Number of protein chains: 2
Amino acid sequence: MARTAGSHSGITGPKVRQAALELFAKHGYAAVSMRQIASEVGVQAGALYNYTPDKQSLLFDLMQSHMTELMAALPDNTADDPLQTLEHFVRFHMSFHHDRPEAVFIAYMELRNLNEQNFAMIEEMRRAYEDRLQGILIAGQANGVWDVKDAKIATFAVIAMLTGVNTWFRSAGRLSLAEVQDQYWEMVRKAVGAD
Amino acid sequence: MARTAGSHSGITGPKVRQAALELFAKHGYAAVSMRQIASEVGVQAGALYNYTPDKQSLLFDLMQSHMTELMAALPDNTADDPLQTLEHFVRFHMSFHHDRPEAVFIAYMELRNLNEQNFAMIEEMRRAYEDRLQGILIAGQANGVWDVKDAKIATFAVIAMLTGVNTWFRSAGRLSLAEVQDQYWEMVRKAVGAD
DNA sequence: CTGTTATCTGAACACATGTTCAGAACCAAG
DNA sequence: CTTGGTTCTGAACATGTGTTCAGATAACAG
């Protein structure tokens, strides 16, 4: 019969993930204890093990969810012309990352705390994401829309530049996200040599 | 029992720093124990306290040394024209960071493990470094050498882009550092709108 | 109400943590 | 060889670690 028994699985589960997300982002995976997470949730440490087999899986699940969401949200790019596609990518990357600073932070900082298998899986998803940008850059190069010497290098450069925004941008600052997006898009457009 | 040494302050001291540098860079500050560092040095944990008052100071010293070296090595830029100054900055940043990947990694990843005072000091040094680039960008803007909408944003963008190289560049790869420097310089030059 | 079952507590386990310190081991000078 | 000072060991301290599990607790079905 329909599950529904005694309690708060539907509430506690998400709370555990949320607490882990915030604490890992703030203090780092290694510096956060299961007891701290439990305390944030309002529960004893043992109860966490109803929701994750171990601490490592908790980290991995957060990172995997993030990367899966990222890939799913990434706009398709078979239709438009390369310049528009690149612009969409730039704006998408910035707004998606802006909306989930903790997950982004963890995805970049905690790679070394994944075990070998988990690391390989996340790394492959990251590569798939980078490949999407690289594909766009190659397409525009083939069409003569812009001029990049090495698509791989340009890919790294653009992603690093865009992701870096998360380290300083605050919604309460002097610029809105839209303004920052405009300026970054202009820099990217110029950097690849598009008019 | 068999002890190893007698008066090795001049040897053990640097060894402690080196071991801490490597281990912190590889596993993260919080994930590394004093006993691991000691073992790398070939000594018992207690002996480390002849060289550092505590673990926190060990981290801070590494970061402070790195930032001090960075500022000291940064070429002066009062003489040249802005375009050349910017090019020097770009090439300098890339080669300096390339030469000390562990220190760079630590300087970016372990900020949150500094206590409040230490964090403030490192953060100020970082700001001073960024200000140097910002100064260059403003000077070139004033001279009409290039066109950047917002010098602060351009500063962040350029630094993020350049520092990102450390995450993927390997000397054994298909490109030399010089080639990568050339390409990044071209992208930066175009991004700021210089001919 | 009773019976069932998912959820949680609280204690325990075995081991790791940063740090301290008395005393041993060592080196160099006299 | 003796003395003096530096460097290191080995054990200890108090606390924290991830994880397990028997049993208490709560929510539902009948």
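What you are looking at is a predicted structure, and each value in this text was computed from that prediction instead of being measured.
Spacing between atom CD1 of Ile11(A) and atom C1' of dA27(D) amounts to 12 Å, rounded to whole angstrom units. Put simply, CG on Leu48(B) is 13 Å from P on dT17(C), counting in whole angstrom units. Lys55(B) places its NZ atom 8 Å from the P atom of dT19(C), with the value rounded to the nearest Å. Computed from coordinates, the Gln44(A) CD to dA22(D) C1' distance equals 16 Å when rounded to whole Å. Note: NZ (Lys15(A)) to P (dC8(C)) measures 9 Å, nearest angstrom.
Between His97(A) and Phe169(A), a ring centre-to-centre spacing not shorter than 6.0 Å is recorded. Between Tyr129(B) and Phe89(B), the ring center distance clears the sub-6.0 Å criterion.
The side chain of Asp54(B) lies closest to dT19(C), out of dT19(C), dG18(D), dT9(D). With dT19(D), dT7(C), dT20(C) as the choices, the nucleotide that has an atom nearest any side-chain atom of Tyr51(A) turns out to be dT7(C). Nearest nucleotide to the side chain of Asn50(A), out of dG10(D), dC8(C), dT19(C): dC8(C).
Every residue was checked against the ring pair (Phe, Tyr, Trp, His ring centres under 6.0 Å) condition with Phe105(B), not counting sequence neighbours, and none meets it. Residues passing the salt bridge (Lys or Arg N to Asp or Glu O under 4.0 Å) test with Asp54(B): none are found, sequence neighbours excluded. Taking Lys26(A) as the reference, nothing meets the salt bridge (Lys or Arg N to Asp or Glu O under 4.0 Å) condition, with sequence neighbours excluded. Every side-chain hydrogen bond (donor to acceptor under 3.5 Å, both in side chains) that Arg127(B) has, sequence neighbours left out, goes to Asp131(B).
Under 4.0 angstrom from either OP1 or OP2 of dC8(C) there lies at least one side-chain N or O belonging to Thr12(A).
Under the 4.0 Å criterion applied to side-chain N and carboxylate O atoms, Glu130(B) and Arg126(B) are not assigned as salt-bridge partners.
Rounded to the nearest 0.5 Å, atoms OH (Tyr184(B)) and CG (Leu162(B)) are 8.0 Å apart.
Looking at Gln36(A) and Glu40(A), their side chains never bring a donor and an acceptor atom within 3.5 Å of each other.
Two end axes, each from the C1' atoms of five base pairs, can be drawn for the helix from dC1(C)-dG30(D) to dG30(C)-dC1(D); they diverge by 10°, to 10 degrees.
Residues from residues 21-38 of chain A placing a heavy atom under 4.0 Å of any atom in DNA chain D, listed by number, are Val32(A), Ser33(A), Met34(A), Arg35(A).
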